[in-house]
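Input: a single structure, listed below in structure tokens.
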Amino acid sequence: MRTWLSVLFAALIPLGLLASNFHGQARSPALANSQPGLRGTGDLGVIIERASGSVQIIETTGQSSLARIKGLGDLSHASVVFSRDQRFAYVFGRDGGLSKIDLLQQTLAKRIIQAGNSIGGAISDDGKLIAVSNYKPGGVKIFNADTLVLIATIEATYGDQGELSKTVGLVDAPGGRFLFTLYEAGEIWMVDCADCAQGAKPRLTKFKNIGLQPYDALISGDGRYYIAGLFGEDGMALIDLWAQKPAVTRILDGYGRGQKKLPVYKMPHLEGWAKADNHYFLPAVGHHEVLVVDAKTFKQSGSIKVHGQPIFVMARPDGRQIWINFAHPRNDTLQVIDVKTKQIIKQFTPGKAILHMEFTPRGEQVWVSVRDENRIDVYDTRTLKKITSLPANAPSGIFFTWRAGRIGL
Amino acid sequence: MTFLRPSITANGSAILVPALAFVVVVFTFNLVMAFVPLSAQRKNELTNLVRQDCGSCHGMTMQGGLGKPLLPENLIESTPEELAEIILAGVPGTPMPPWRGLLARGDALWIAAQLKTGRIKRGNTQ
């Protein structure tokens, strides 16, 4: 009798499981029609957990975490680019690690240590090359995006002694090119690598005397302008890549002149620069200001007083709002600027050490990392209300797959 | 000491005396504070600050970034007092900012000692 009952019971368990499974699918319409395990990557992203050397793979439709990939080394200041099919994320670690993550299989597909100390990377317009910007040894290395096999090494030599400069502000540009900036040397180098995947040597163009201590750079979304920020001077160096013979011009010379420059506790980032309403919005170094610059003339047309020294100044994809975070010790605050009126319309204090923000592809959500609270906060950018929070281990950078289709990201 | 200047009027000395007394009090306070051992909580805060906020330029494990590496072998030539002075005053003309105002001398000395012995390692506080 007992055995008979347990047999019946055992037969019922799988049925029960099946039923609950169907129930689960019915509640998740996105998955209802798909074959099991099949999904797109357009709503995926990765979150850097810098203290534990891991990343989380997340999805923004249901705002959930899908997986954690561990063993990625020192991820302080880590950044990410995506393969053009949005399946793979390339993670650039501080310790020179280059990791390729398969977002669909949720695995570490490949990992190499390519330098002693590195700062960021880029992917070529055709998706075939990965370039990494290194502090030590100073220069840029270029890899096959598929295999991570080294294709070319560009040493950032300068001066009479052949010293190597740290490199910053590495971006991709149309036509199979990369651009980067030499911090100690004060130079910008352009690398033509259109045929590197077929074995051709990279061709270099050097722009010298761009200014003192360039600390980061950006490329405009159309791939036309490369702009390097200078730490040692008030001003920026600009190259128009559409010019017959591209050359460096100085813009915004002496912005903030006459005002006392404050100590800078964290270098601002230009990568998250914002263009909206025919203006660029840029972080001012050493001032509690966002600079407003005319996008045609590159003349400063104004500035907006903000809560602290801005780190990331990021436009919502439609350009209507700008979200800003700040340097230590004011890094517990976020501000939102309405682009039309140039007024601050909202201020949040989510917690200590707000490090990064990322918008969903059309900008209805923004994800914010709050490092010291071990949390990611997700905001609705229309209502300016928090939608949800996700736990994360000392999160820093947040990167969504839409970057795969953008020049310079 | 800018607060001394505008206050000197007809009865200037009346203001000068308390101002001087204030300076003396602040000075001795700082002197004493430099030798008062830091609380465990303060040490935790400072470890976190060094790894995260100094780390944004020097690397989270002090192996260097835009700023120089700050590992024991890089700091052999400097005494903790000299390092503390660099931390408080910064290095003009470079991105190294002055931390005076955010850090007391006692904090800076403690950080300098930690850096010289390499005790600020990953995993200490998290």
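First the proteins, then the strands, lettered A, B, ... as listed; each starts at 1.
Contact between B:G55 and A:R94 at its shortest, heavy atoms only, is O-NH2, 4.0 Å. Looking at every heavy atom in both residues, A:Q213 comes nearest to B:T94 through NE2-CA, 3.9 Å.
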If you apply the rule side-chain contact (heavy atoms from CB on, under 4.5 Å), what do you find for B:D53 with A:K266, and how did you get there? CA-CA 8 Å; B:D53 297 298; A:K266 188 174 160 86; 5.9 Å; no
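Each ring pair (Phe, Tyr, Trp, His ring centres under 6.0 Å) pair with one or both residues in residues 80-114 of chain B, not counting sequence neighbours, appears once here: A:Y265-B:W99, A:H328-B:W99.
For B:Q52 (side chain) and A:A353 (main-chain N/O), no donor-acceptor pair under 3.5 Å exists by modelled atom type.
Side-chain atoms of B:L102 and A:P329, non-hydrogen and from C-beta on, do get closer than 4.5 Å to each other. Between B:N48 and A:D372, some side-chain heavy-atom pair lies under the 4.5 Å cut-off.
Note that OG of B:S56 is 7.5 Å distant from CD1 of A:I311, once rounded to the nearest 0.5 Å.
When the shell of 6.0 Å around NZ of A:K136 is examined, it contains 12 or fewer heavy atoms from other residues, nucleotides or ligands. Around atom CD of A:E233, more than 12 heavy atoms belonging to other residues, nucleotides or ligands sit under 6.0 Å away.
Residues of residues 62-78 of chain B that come closer than 4.5 Å to chain A, counting heavy atoms only, are B:Q63, B:G64, B:G65, B:L66, ordered by residue number.
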